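Down below is the structure, laid out as structure tokens.
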Amino acid sequence: METATQMGRPKTTGDQKLHDSALYQLLMDKLPSEFIKYDKIDTQRLSAATGNARYTIYCWLNERRTLSKRAIQSLLEISRETDDPEKKGALTKEDLIPFALGF
């Protein structure tokens with residue numbers, strides 16, 4: 001059973017902040033603008049779009065959990081939906097390989 005301290009956004013460890021991670025920066029560059037809110041990734045929206053718990057999203061962004069095949073597929077799918085000229089192109093499998101299970 002989860003306690004109140006286990007729910008929601010996990011604490012960062014050390015000096016690394018959520019928005020300093022390589023995956024966070026990659027997603028900021030390539031996700032459609034609908035997933036960015038106040039110049040930050042909207043974890044609630046990303047959670048709903050990928051079918052993962054917000055806690056899981058925070059773990060990905062803190063690079064404490066690698067991406068599963070399902071996670072990579074869902075990120076690739078939502079990335080393709082962008083028509084935002086500010087973005088540097090959709091995510092590719094090659095972008096996400098460093099964050100994948102078994103890499």
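For clarity, every value in this text was computed on a predicted model and none was experimentally measured.
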Worksheet item: For Thr92, does its backbone N or O pair with a side-chain atom of Asp95 as donor and acceptor, under 3.5 Å?
Response: yes
Worksheet item: Can you check whether Ile41's main-chain N or O pairs, donor with acceptor, with Tyr24's side chain at less than 3.5 Å?
Response: yes
Fill in: Beyond-backbone contact of Leu96 with Leu67, side-chain heavy atoms, under 4.5 angstrom
yes
Practice prompt. Establish, from distance only, whether the side-chain atoms of Arg54 and Thr43 form a donor-acceptor pair under 3.5 Å.
Written response: yes
Worksheet item: Glu34: what forms a side-chain hydrogen bond (donor to acceptor under 3.5 Å, both in side chains) with it, not counting sequence neighbours?
Response: Arg45
Practice prompt. Using side-chain hydrogen bond (donor to acceptor under 3.5 Å, both in side chains) as the criterion, list what pairs up with Thr50, not counting sequence neighbours.
Written response: Asn52
Worksheet entry | Any Ile72 side-chain heavy atom under 4.5 Å of Ile97 side chain | no
Discussion item. With a 3.5 Å distance limit and no angle check, can you tell me whether Ser21 reaches the backbone of Leu61 through a side-chain donor-acceptor pair?
Written reply: yes
Worksheet entry | Side chain proximity check, Leu27 to Leu91, heavy atoms < 4.5 angstrom | yes
Fill in: Partners passing side-chain contact (heavy atoms from CB on, under 4.5 Å) against Gln73 (at least two apart in sequence or in another chain)
Lys69
Discussion item. I want to check something: taking the side chain as every heavy atom from C-beta on, are Phe35 and Lys30 in contact at a cut-off of under 4.5 Å?
Written reply: no
Worksheet item: Are the side chain of Ser79 and the backbone N or O of Leu75 linked by a donor-acceptor pair below 3.5 Å?
Response: no
Worksheet item: Roughly how far apart are Gln44 CD and Lys37 NZ, rounded to 0.5 Å?
Response: 7.0 Å
